[in-house]
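Notes to accompany the following structure.
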Amino acid sequence: MDAGRYRVLPTDRSANDIEQEMLARWANDGVFAKTQEFKSGQQRYVFFEGPPTANGRPGIHHVFSRAIKDLFCRHRAMKGLFVLRKAGWDTHGLPVEIEVEKQLGISGKQDIEAIGVEKFNQLCRESVWKYRAEWEKLSERMGFWLDYSDPYVTYSNNYVESVWWALKTLYDRERLYRGHKILPYCARCGTALSSHEVALGYKDVRDPSVYIALDLEGDGQIRRRILVWTTTPWTLVSNVALAVHPDLEYSELTKRSGDGTEHIVLAASRAAAVLGDDFTDRWVSVGTMKGSELVGARYARPLDWVALDAGTNQVIVSENFVSADDGTGVVHMAPAFGADDYAAGQRHGLSFVQPVDGRGEFPPELPVVGGLFVKHADEKIIAELKSRGVLWKAGTMEHSYPHCWRCDTPLLYYARTSWFVRTSAYKDAMLARNARVQWHPPEIGDARFNEWLTNNIDWAISRDRYWGSPLPLWICDQDNTHVDAVGSFAELGVKSGAELGEGFDPHKPYIDSYSWPCSKCDGTMHRTPEVIDTWFDSGSMPFAQWHYPFENADKLGDNYPADFIAEGVDQTRGWFYSLLAIATGLEDSLPSNTLSPSPGTGEGVRTAPYKSVVVNDLVLDSEGRKMSKSKGNVVDPWMIMEKYGADAARLFLVSSSQVWVPRRFDEAAIRDTAGRFLLTFKNVYSGIFALYANFGWEPSDADPEVAKRPLIDRWILSRLAAVESEVDAALEAYDATVAARLAMTFFVDDVSNWYVRLNRARFYDVDSADNRAAFATLREVLLVTCRILAPIAPFVTDWVHYELEGTSVHLSPYLRAETTGRDTGLERAMEHIRTLSTLGRAAREDAGVKVRQPLSRMVCVVPAAPSGAEADSGDLRSLVSLLAGELNVKEVSFLSSADALVTLEAKANFRALGKKFGKSTPLAARAIEALSSDALIAFENGENLAISVGNDSRELDLDDLTIVRRASGSMIVKEALGYFAAIDPEVTPALRMEGLAREVVSKVQRMRKDSGFAVSDRILLELSGSDELEAAIRAHSEWIANEVLSVGITVGGGADKIHAMQAVDIDGQPASIAIERAG
RNA sequence: GGGCCAUUAGCUCAGGUGGUUAGAGCGCACGCCUGAUAAGCGUGAGGUCCGAGGUUCAACUCCUCGAUGGCCCA
């Protein structure tokens, strides 16, 4: 055979191989580049790429979120929109520094300073690209189209300059300020963390749960002690006060067994929890008081290692944050180590005790715990408390505690000076903008993100680190309220009088060398040493990727805000937040940040930096556990690509469940779901379409127009049109899962299992109008299927599209300009046929008659259409031959009611009857089961039905019984949802002969194939067997000859003319068959 | 402690403004087909729809309270 017009896809050709071919072809034809060429007048669809950090390897979860990004971009591009796909890299920050620390085998800021910031930052600059090539290669391999030729890079001078502009703009708007607050602090990294960084690191840990009893000052007659609870014993070193709630009731108790001189005090409602449920057995109350009555009382602090300053100390204060939900209702105050404590310290002028250094260690001179990391000092402190007699009881409790998201060190809450973005001042604006975002799923935005914004606190953006965008603030060394914010490199040059030159690097340590005289006093302006939170970098990408406002104002205008972004759920507090917080803070300094005025108010509509967000959840392992290196269950994306291909992986990830549900990644599942579809798709293309079309069909004017094609062709084209628009609608609504499922189900069920299977014979020839109609129809189905699935499975769809059309599917329109339209009546009729076919098969199964044995008749009932029952009967009649063929029956007829096919029987519903008949229920049940079929039919049709029990006659309700239908007569009946299919199982002698003839054909066909004959080879055929068999063959010899391409049949006797005689079993009867190639 | 999500067949997942008998794929059993063949098709078994209350003629669906798992927050 010639190579043919259409290449086939050999089943043993690996997905990897096919996809590599496509990658080469895309590169060669510049397919992606073509999509990046803006055609004038084209509408834009703006996509923002959230920048990854390239100092770690990409994992399978990256493939997941990138598949989502890619598919919506591809879809919109095929819809005719221009989708710019600019890559970006997140290059600053702690992750990079930690990687370099590891590489150098060092840890902590002192080590870094020893090496030198210049060298350290140089290494960071290099380290950040460690896996860049792998990221780019994996993107390419998985079919994630991204333009890596001109990416935005957050450490580049241009990018940093745009970030400076944003910071200065915020400063000028008084939205950037220096504050002193309690901040979560990582002692190992030596820097404070922002709230969204903290959110990344909550872990369940076991911490001490310690109760102490502190002596209250009194008259000396009675020893009164107040109970205090803490989970951070190390902060007791810094205790300066206790807080109670003014309105809470406190109990004073003494031991029943004691002499009444030892009292304890705690919140009344906590006594049972602290002392035991049976505490009244041992304790007796000697009084109660409001918290306000305790205020002002003095007590002795638990540890006296640290000198106190002049502030108030060792006194009970009143605070509304105290609760009786846990602990003792008495809260210990260490103003240096807690936000509430700090605020209380400010309010009450409390002493400020901070005996912990930047590494989180107690100073060496401190007794017992000197030099220890605070979290490691708990045990020694508990022992010390015990020896001092202030320990009441000590245990442990499990709770969730924040840890550094990069190095896993437990965070400490520390009073520190930091720079903040005053986000809380414009949180309403953020809420308003967020309300305009289409979140998928909605609850992430409406509930989770909304709640987070409602509780917004100012964003601590300064970091006492090295590798980051430097904070562009210069501060006077005489008076630190004199601050110059620098918004551009040019401004820096002017202010400092320095020539910045070619090699200017805005990073540390170089940037710190620029200084100038203070404009307000005699002092000198030096840069504040901090760098900024890397989230501020990535959140600046909408404008910084264009070096706005220094150039490209037009590009920013064209590409802001984003129509679409997609990232993992962990970005809610990350990138989703930083984008919104920065854009909202900049307000109209950022063009297009306010959309066209709303018609109602004339006011500009505030927009978020993104209009639609698709949030994907985690990829778990096959057991539903989180993937982690320690568990060894991390899936290598490269292995998946090679083994199953990107199409299979993408189809699986998108279709297995909604993307915002955590999904189990299971290799077996890829094979089962995606692999199965892909196999079917290739089979239909290769094994049916390409294989036979290559005998000489190609699209031409000789193909019958759609209206003249057989009904089943028009049916599949109608379904195709339906699915085409449904899939498109799903993708427009950002529902990739439904889109993928719709398309896949359509292809497997409607195309492969029904249309192709029933029409196989029409593809075995290429000459007639009927053949041409089938090929033209299947080609259209394949073509459109390629297009609707191309965004999700971009490789194999394009492979086939090239074969069918000679062009890339990715440069084709997503929807056809014209379709043959829907014929819903026809679709409904086909539904009837398929349902009846299922029932008919079940009936045959019941009858125990195999499909090859023809049967005489089938009688069907379809549920009445709502009105105009004849509406689809025309189509139904025309489709009946499909049913007859599928079920191998001679005649199919329809009845309007199933009454002739079945008898009705009633079963009692005891629950209902019980209420009516009480004790006589069993009798009633018997009466019901004796009801006649006719009576039940009448009853179903609304007539009254009564039974007599004893002397009593009662009307029955439909509830009282269940009507079951049983086949009556000789027909075998199956019923479902108003459909009935009845098959006459009688095999008459004539049918029997025909069945035998079919058996013969089947056997001969197998022999032809086993003998290696070509499909078109003619044969000579010789058969012998029982009288019945030979009679059957004679009766149907013409048909047999036609089926097996025999030019001559010899039946019985002289069975030695042809060699290769084979003994076979035909339906339990021995027979002999011989075949030979003719001529 | 609070918020959100999930819980449906052995497994992975659909579903429903509350309404006959709750679906699919895989797996399993049985069978068919043998010109898509290292393919294809069918039939069947399998479910107290997480639990308990409530609303209702009717609850898997709505409400309340729980349980378990996940994510997030404090």
Side-chain angles (χ1 to χ4, degrees), chain A residues 8-12 195-196 198-200 202 323 325-326 339 399-402 441-452 454-455 568-570 572-573 615 617-618 620 622 624-626 652 655-658 660-664 666 668-669 671-673 675-677 679-680 682-692 737-738 741 744-745 748-749 752-754 756-758 760-761 763-764 837-846 848 850-853 886-888 957-959 962-964 974-978 1001-1003 1005-1010 1013-1016 1043-1045:
Chain A
V8 294
L9 274 168
T11 45
D12 57 355
S195 49
H196 37 268
V198 175
L200 298 172
Y202 274 88
S323 90
D325 292 342
D326 49 23
H399 66 158
S400 178
Y401 191 85
E443 64 268 13
I444 295 277
D446 297 346
R448 192 178 280 200
F449 197 44
N450 200 70
E451 192 196 2
W452 157 264
T454 305
N455 299 320
V569 68
D570 53 334
T572 311
R573 273 82 178 172
V615 182
D617 210 308
L618 297 172
L620 308 170
S622 58
R625 296 172 308 176
K626 213 165 168 171
F652 164 74
S655 72
S656 62
S657 61
Q658 284 292 354
W660 43 80
V661 173
R663 115 208 308 71
R664 297 183 179 201
D666 189 351
R671 278 193 296 274
D672 289 350
T673 57
R676 186 179 171 77
F677 162 74
L679 187 64
T680 303
K682 288 185 220 169
N683 270 332
V684 169
Y685 166 74
S686 258
I688 298 289
F689 179 79
L691 183 64
Y692 296 110
T737 306
V738 161
R741 286 178 173 174
M744 285 160 66
T745 306
V748 171
D749 287 357
S752 175
N753 282 359
W754 195 250
V756 169
R757 194 164 59 78
L758 265 49
R760 283 207 308 224
F763 295 98
Y764 298 158
S837 158
T838 297
L839 292 170
R841 280 193 213 99
R844 281 198 83 116
E845 192 93 0
D846 259 19
K850 61 168 74 170
V851 179
R852 197 150 47 201
Q853 172 62 56
E886 183 69 5
L887 294 168
N888 198 13
D957 297 318
L958 279 167
D959 264 11
T962 308
I963 294 174
V964 268
K974 285 282 173 180
E975 175 266 337
L977 300 167
V1001 167
S1002 162
K1003 286 287 189 287
Q1005 298 288 35
R1006 167 116 40 142
M1007 284 172 68
R1008 286 181 57 112
K1009 200 177 170 199
D1010 291 348
F1013 291 4
V1015 171
S1016 52
E1043 285 292 305
V1044 304
L1045 300 186

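This structure is a prediction, so every number in the text was calculated from the model and none was measured. Letters A, B, ... are given to chains in the order of the sequence lines, protein chains preceding strands, and every chain is numbered from 1.
- Nucleotide B/A14 has no partner under the Watson-Crick or G-U criteria, as no pair reaches both atom distances under 3.5 Å.
- Judged by distance alone with a 3.5 Å cut-off, a donor-acceptor contact links the side chain of A/Arg760 to the base of B/A36.
- Distance check on atom P: B/U56 versus B/G42 gives 46 Å, rounded to whole Å.
- Phosphate proximity of B/U34 to A/Arg1006: absent, as no side-chain N or O sits under 4.0 Å from OP1 or OP2.
- Atom name C1', nucleotides B/G25 and B/G46: the rounded distance is 15 Å, in whole Å.
- Between A/Arg757 atom CZ and B/A39 atom C1' the separation is 14 Å, expressed in whole Å.
- Computed from coordinates, the A/Arg676 CZ to B/C26 P distance equals 4 Å when rounded to whole Å.
- Nearest to the side-chain atoms of A/Asn683 among the listed nucleotides B/A39, B/G44, B/G3 stands B/A39.
- Residue side chain A/Arg448 reaches the base of B/C71 through a donor-acceptor N/O pair under 3.5 Å, judged by distance alone.
- B/C41 and B/G31 make up a base pair, with Watson-Crick or G-U wobble contacts both under 3.5 Å.
- For the P atoms, the distance linking B/C13 with B/G31 amounts to 33 Å, nearest Å.
- A/Val661 comes within contact range of no nucleotide atom at all, as no heavy-atom separation falls under 4.0 Å.
- Atom CD in A/Glu443 sits roughly 20 Å away from atom P in B/G2 (whole-Å rounding).
- Searching all strands for a Watson-Crick or G-U wobble partner of B/U48 with both distances below 3.5 Å returns nothing.
- Comparing the same atom, P, in B/C49 and in B/A22 gives a spacing of 10 Å after rounding to whole Å.
- Side-chain contact between A/Ile688 and A/Arg760 is present, with heavy atoms from C-beta onward closer than 4.5 Å.
- To the nearest 0.5 angstrom, A/Met1007 atom CE is 11.5 Å from A/Ser1002 atom OG.
- Atom CG of A/Leu758 is separated from atom C1' of B/C33 by 14 Å (rounded to the nearest Å).
- Residue A/Val748 is classed as having no contact, given no heavy-atom separation below 4.0 Å to the nucleic acid.
- The base of B/A14 does not come close enough to the side chain of A/Ser657 for any donor and acceptor atom to sit less than 3.5 Å apart.
- Counting non-hydrogen atoms under 4.0 angstrom, A/Arg852 reaches the backbone sugars and phosphates but no base.
- Regarding A/Phe677, its CZ atom lies at a distance of 16 Å from the P atom of B/G25, rounded to whole Å.
- Checking B/A14, B/G44, B/G40 against the side-chain heavy atoms of A/Leu679 singles out B/G40 as nearest.
- Distance check, rounded to the nearest 0.5 Å: CZ of A/Arg852 to CG of A/Asn888 gives 10.0 Å.
- Within 4.0 Å (heavy atoms only), A/Gln658 reaches sugar-phosphate atoms of the nucleic acid but no base atom.
- We find that CD of A/Glu1043 is positioned 14 Å from P of B/C33, with the value rounded to whole Å.
- Within the nucleic acid shown, A/Thr745 has no heavy atom closer than 4.0 Å to any nucleic acid atom.
- Between the P atoms of B/G35 and B/A45, the separation comes to 32 Å (whole Å).
- Applying the 4.0 Å criterion to OP1 and OP2 of B/U34, one finds that A/Lys1009 has every side-chain N and O outside that range.
- Distance check, rounded to the nearest 0.5 Å: CZ of A/Phe689 to CG of A/Asn683 gives 15.0 Å.
- Nucleotides B/C62 and B/G18 have their C1' atoms positioned 8 Å apart, rounded to a whole Å.
- Between A/Arg844 and A/Glu886, none of the side-chain N atoms (NZ, or NE/NH1/NH2) sits under 4.0 Å from a carboxylate O, so this pair counts as no salt bridge.
- Contact check for A/Val748 versus A/Phe677: side-chain heavy atoms found under the 4.5 Å cut-off.
- A distance of about 16 Å separates the P atoms of B/G27 and B/C11, rounded to the whole Å.
- Remark: A/Tyr764 is in phosphate contact with B/A36, judged by side-chain N or O atoms under 4.0 Å from OP1 or OP2.
- There is a side-chain donor-acceptor pair under 3.5 Å between A/Ser837 and A/Arg841.
- Judged by closest nucleotide on RNA chain B, A/Ser1002 is the one of A/Ser1002 and A/Leu839 placed further toward the 5' end.
- The A/Lys850 side chain lies nearest to B/C33 when the options are B/G3, B/C33, B/G35.
- For B/G69, the paired nucleotide is B/C5, the pair qualifying as Watson-Crick or G-U wobble because both relevant distances are below 3.5 Å.
- With rounding to whole Å, A/Glu886 atom CD is found 12 Å from B/C41 atom P.
- Here the CE atom belonging to A/Met744 is positioned 9.5 Å from the OG1 atom belonging to A/Thr680, to the nearest 0.5 angstrom.
- Counting to the nearest Å, the P atom of B/C33 and the CG atom of A/Asn753 are 18 Å from each other.
- Base pairing analysis places B/U61 opposite nothing; no Watson-Crick or G-U wobble pair with both distances below 3.5 Å involves it.
- Heavy-atom distances to RNA chain B give each of A/Ile688 and A/Val569 a nearest nucleotide, and the one nearer the 5′ end belongs to A/Ile688.
- Comparing B/A14 with B/A9, their P atoms sit 13 Å apart, to the nearest whole Å.
- Pairing for B/U20 is absent, with no Watson-Crick or G-U wobble pair whose two atom distances lie under 3.5 Å.
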